[in-house]
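Structure first, then comments.
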Amino acid sequence: MKAIVYSEFGPPDVLKLAEIDKPLPKPKEVLVRVRAASANPLDWHFIRGEPRAMRLMGKPNNRVPGADFAGQVEAVGADVTQFRVGDEVFGGCNGAFAEYACANSDNLARKPRALSFEQAAAIPVAGCTALMAVRDKGGLRPGQSVLVNGAAGGVGTFAVQIAKALGANVTGVCSARNRDLVRSLGADRVIDYAAEDFAASGRQYDLVVRVAGNRSLKDHRRVLTPDGTLVLVGGGVGRDMGGRSQTLDTLGVLALVLGRGIIARFLRQRIRVFVAKMRPSDLTYLGELCETGKVTPVIERSYALADAAEAIRHIEAGHARGKVVVTT
């Protein structure tokens, strides 16, 4: 089968289209004919081996990138009962940038009929991350106010729509070119970060979701209500013009993680850092939101499998509007 592989760490140029063996599903796995896969910031971090601690997993050897996808079930493992050959599914896996991929059946859900494979592939990583940030870690309730900093990216576009679907008043922070997009997603107010300083506006929010790392923790806390919640999503915004990884405010986040028990004694405000999980129930819930029109996956660009390096290059530039997908 055709797949995108890399055998050394480096820029997207290390990615090559190659012929490799089709994987075989283990007892709890499903073999899927991939129709579309999503490109995520996680991919370029793995491909470049950044931060360098990621290289402790060992040198890649024909490693296939890609963490979420949509397609049709080709075969099922001996212990899989919830899926059959021919089912259309979406979810998470390792090695999605290929014609076929194996995934644990617990990381999959049935694809909503109303969605294309490209739309479904855009959901799992970004959608589940946004859902956990807004609903689970943010504890959002109807009528509350939400600020999403980084509202036009993959996670941000989902966060705006999910918050709106849950009955919130939503403010999105983005660039001027993305104002109309974010407003079309249901944001009640849109702030152009180059023209207005959200941290100096005097407005306060019950929940702040920080997707973009372009402002300090202090700035985000300043716009929280006294008992509000700040949820931190991810650790960077891509790479700068000099090719350096933009993992911003890393020391502040590390200090927060190590000292949040002490901090909690003095602050009513809650600060949440989390690792996103992909659960079938969340995938199904997101699919239902999409089928009812409350959420629409935003896809900026679609690339052929052979052009996957360009998809990763666009993602790591840090300015993608919504999601970027790779079709097979």
Side-chain angles (χ1 to χ4, degrees), residues 41 45 50-51 53 126 129-130 132-141 144-160 162-163 168-176 178-179 182 187-242 244-276 318-319:
H45 280 290
E50 295 179 3
T129 301
M132 288 190 70
V134 172
R135 184 193 64 184
D136 302 340
K137 300 300 179 181
L140 183 65
R141 299 189 301 275
Q144 289 188 317
S145 58
V146 181
L147 176 80
V148 180
N149 185 15
V155 174
T157 53
F158 280 108
V160 168
I162 291 168
N169 184 283
V170 182
T171 296
V173 181
C174 62
S175 65
N178 292 321
R179 287 179 64 97
V182 174
D188 301 281
R189 183 168 178 262
V190 182
I191 296 174
D192 170 9
Y193 63 77
E196 181 180 351
D197 183 358
F198 72 83
S201 67
R203 291 176 178 260
Q204 290 190 314
Y205 303 88
D206 300 297
L207 170 63
V208 173
V209 179
R210 191 200 77 164
V211 183
N214 57 349
R215 298 296 293 268
S216 68
L217 295 177
K218 183 179 180 180
D219 287 340
H220 287 87
R221 282 188 49 218
R222 186 179 298 142
V223 298
L224 276 181
T225 59
D227 58 351
T229 301
L230 168 62
V231 179
L232 307 179
V233 178
V237 292
R239 301 178 67 81
D240 63 21
M241 296 300 292
R244 296 179 295 271
S245 178
Q246 290 180 285
T247 306
L248 303 181
D249 210 13
T250 303
L251 292 178
V253 173
L254 180 60
L256 170 65
V257 172
L258 296 177
R260 60 184 175 180
I262 298 173
I263 294 172
R265 297 180 183 180
F266 301 97
L267 293 178
R268 290 166 57 195
Q269 293 176 334
R270 293 172 294 276
I271 305 177
R272 301 287 185 257
V273 182
F274 70 100
V275 176
H319 298 290

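For the side-chain contact (heavy atoms from CB on, under 4.5 Å) criterion with V190, the lone passing option out of V182, V160, N178, T171 is V182.
When all heavy atoms of M132 and A276 are compared, the pair lying nearest together is SD-CA, 3.8 Å. The heavy-atom pair separating V155 from A130 by the smallest distance is O-CB, 3.6 Å. Closest approach of A212 and G150 over heavy atoms only: CB-CA, 3.9 Å.
Side-chain contact between V209 and V233 is present, with heavy atoms from C-beta onward closer than 4.5 Å. Inter-residue side-chain proximity for L232 and R272 is flagged as unmet; no heavy-atom pair is nearer than 4.5 Å. F198 has its side chain within reach of H220: a pair of non-hydrogen atoms, C-beta onward, lies under 4.5 Å apart.
Not a single donor-acceptor pair under 3.5 Å links the side chain of E196 to the backbone N or O of Y193. Of the possible polar contacts, one joining the R270 side chain to the D227 backbone as a donor-acceptor pair under 3.5 Å is found.
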**Full working for side chain to side chain contact (heavy atoms under 4.5 Å, CB included) between L140 and V146** = CA-CA 8 Å; L140 183 65; V146 181; 3.4 Å; yes

**Request:** Using the side chain to side chain contact (heavy atoms under 4.5 Å, CB included) rule, take T229 and Q269 through it: C-alpha gap first, then chi angles, then the decisive distance, then the call.
**Result:** CA-CA 6 Å; T229 301; Q269 293 176 334; over 6 Å; no

**Request:** Start with the C-alpha gap between V231 and F274, add the side-chain angles, then the distance that decides, and say whether side chain to side chain contact (heavy atoms under 4.5 Å, CB included) holds.
**Result:** CA-CA 8 Å; V231 179; F274 70 100; 3.5 Å; yes

**Request:** Take Q204 and V223 through the test side chain to side chain contact (heavy atoms under 4.5 Å, CB included) and record every step on the way to the result.
**Result:** CA-CA 5 Å; Q204 290 190 314; V223 298; 5.6 Å; no

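In this structure, R222 does not pair ionically with D197, as no charged nitrogen and carboxylate oxygen lie closer than 4.0 Å.
Here L207 contributes atom CG and N169 contributes atom CG; the two are 12.0 Å apart, rounded to the nearest 0.5 Å. Here the SG atom belonging to C174 is positioned 9.5 Å from the CG atom belonging to N149, to the nearest 0.5 angstrom. In this structure, CG on D206 lies 9.0 Å from CG on L224, to the nearest 0.5 angstrom. For the atom pair CZ (R189) and CZ (R203), the distance works out to 3.5 Å, reported to the nearest 0.5 Å. Between the CZ atom of R210 and the CD1 atom of I271 there is a distance of 10.5 Å, given to the nearest 0.5 Å.
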